[in-house]
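A, B, ... follow the sequence lines: proteins, then strands. Residue 1 opens every chain.
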Number of protein chains: 2
Amino acid sequence: MNKPTNLDVCEKQCLHLDRVERVRGGMLGDEAAEGLAEIFGLLGDRTRVRILHALSLGELCVCDISAVLGATSSAVSHQLRLLRTAKLVKARKEGKNVFYTLDDEHVRQLFAQGLEHVLER
Amino acid sequence: MNKPTNLDVCEKQCLHLDRVERVRGGMLGDEAAEGLAEIFGLLGDRTRVRILHALSLGELCVCDISAVLGATSSAVSHQLRLLRTAKLVKARKEGKNVFYTLDDEHVRQLFAQGLEHVLER
DNA sequence: GGAACAAGTGAGTACATGTTCATATGAATA
DNA sequence: TATTCATATGAACATGTACTCACTTGTTCC
């Protein structure tokens, strides 16, 4: 989380300055890198993957999701909060139930792309 | 990591059986869900995101990467091992240096797609 | 061979994170 | 109003993980 303030991490003469300069120019800003890590990290959990995939197949309430996954509704609820905060899912209240749906078309695409990777490897 | 063996997690009558059945049929297998979580988890770290992005701009040795990121070469090396194991990057040895490149076109695409999400959010 | 150095790795540590358990909230129903 | 139940949430706990530090390996150059 904290990085050294001086950049001469490589003590002596190993740097390929041309490459380093070129890459440094095109590097992601901190916010972008952080944002990417955040969204990918959110997708990087088995439970959340399965929740999102289930929701990609249709609207479900918390209880439905926990039945599909075989997980407690508490665990599911905790994960849904993260997904809600990140605006990946959307909640709709109806009586005692809260129905969730995907709230991000990008997620669907990321999923598809990720699956391609997984399946062909 | 361990899930309850009985599926009547929702004690009484909240299930919407039609929805649950439909979704259950289309659900990801365990291996697929695990595989997805694994690849996304790998992308879900600030340091690894920056390493991969740097490599997407050109081939770099470990020392170059640590200079670009402002991280120790040990930290970078540890992360590169994970990326190498997952076949996301490829190593080429040349004298004392080891040069790394991206080894997966999917990653490039996932990156692009993720960035879209982050930028427009 | 010996010095210098890039890279890899194991152990230890600090911190993040996912789950469970207990409890709270809020809506329907008796 | 009291009960029941779906959902949410806080605390505690256990596990995972990213870093540092010390050390090893393997290569180049003297």
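- For A:T47, whose side chain is taken as the heavy atoms from C-beta onward, the closest listed nucleotide among C:dA6, D:dC21, C:dT19 is C:dT19.
- To the nearest angstrom, P of C:dA7 lies 16 Å from CG of B:L83.
- Screening residues 51-63 of chain A for side-chain hydrogen bond (donor to acceptor under 3.5 Å, both in side chains), with sequence neighbours left out, gives A:E59-A:R92, A:E59-B:R19.
- Contacts of A:K90 classified as salt bridge (Lys or Arg N to Asp or Glu O under 4.0 Å), with partners at least two apart in sequence or in another chain: A:D103.
- Atom CZ in B:F99 sits roughly 12 Å away from atom P in C:dA6 (whole-Å rounding).
- For A:L80 and D:dA6, the CG to P distance is 16 Å, given to the nearest whole Å.
- A distance-only check finds a donor-acceptor pair linking the side chain of A:R48 to the backbone of A:L42 [under 3.5 Å].
- Sequence neighbours left out, the pairs with a member in residues 56-102 of chain B that pass ring-ring contact (aromatic ring centres under 6.0 Å, His included) are A:H16-B:F99.
- Only one option out of A:H117, A:Q109, A:Q113 pairs with B:Q109 in a side-chain hydrogen bond (donor to acceptor under 3.5 Å, both in side chains); it is A:Q113.
- C:dA16 atom C1' lies 20 Å from atom CZ of A:F40, rounded to whole Å.
- In this structure, the CG atom of A:L43 is 12 Å from the P atom of C:dG18, given to the nearest Å.
- Between B:Q79 and the phosphate of D:dC19, there is a side-chain N or O to OP1/OP2 separation shorter than 4.0 Å.
- Both A:L82 and B:R84 lie near DNA chain C, and the one whose nearest nucleotide falls closer to the 5' end is B:R84.
- Residues satisfying the side chain to side chain contact (heavy atoms under 4.5 Å, CB included) criterion with A:E21, sequence neighbours excluded, are A:R24.
- Between B:R48 and D:dA18 there is a side-chain N or O to OP1 or OP2 distance below 4.0 Å.
- Here C:dA6 presents its C1' atom at 15 Å from CZ of B:R92, a figure rounded to the nearest Å.
- The aromatic ring of B:H78 stacks onto the base of C:dT9, its centre lying under 5.5 Å from the centre of the six-membered base ring with the two planes under 30° apart.
- Residue contacts for A:Y100: at a heavy-atom cut-off of 4.0 Å it reaches the sugar-phosphate backbone alone, with no base atom in range.
- Taking atom CD on B:E38 and atom P on D:dG16, their separation rounds to 13 Å, with Å as the unit.
- To the nearest angstrom, P of C:dG18 lies 14 Å from CZ of A:R46.
- The base of C:dT9 sits within donor-acceptor range of the side chain of B:S74, with an N or O pair under 3.5 Å.
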How would nucleotides 23-30 of chain C be written as a contact map, 5' to 3', with B for base contact, S for sugar-phosphate-only contact and - for no contact, using protein heavy atoms under 4.0 Å?
-> ----BS--

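- A:R108 pairs by the side chain to side chain donor-acceptor pair (under 3.5 Å) definition with A:E105, not counting sequence neighbours.
- In this structure, A:S73 does not reach the D:dA6 phosphate: none of its side-chain N or O atoms is under 4.0 Å from OP1 or OP2.
- Comparing D:dA18, C:dA7, C:dG18 by their closest approach to the side chain of A:D45 singles out C:dG18.
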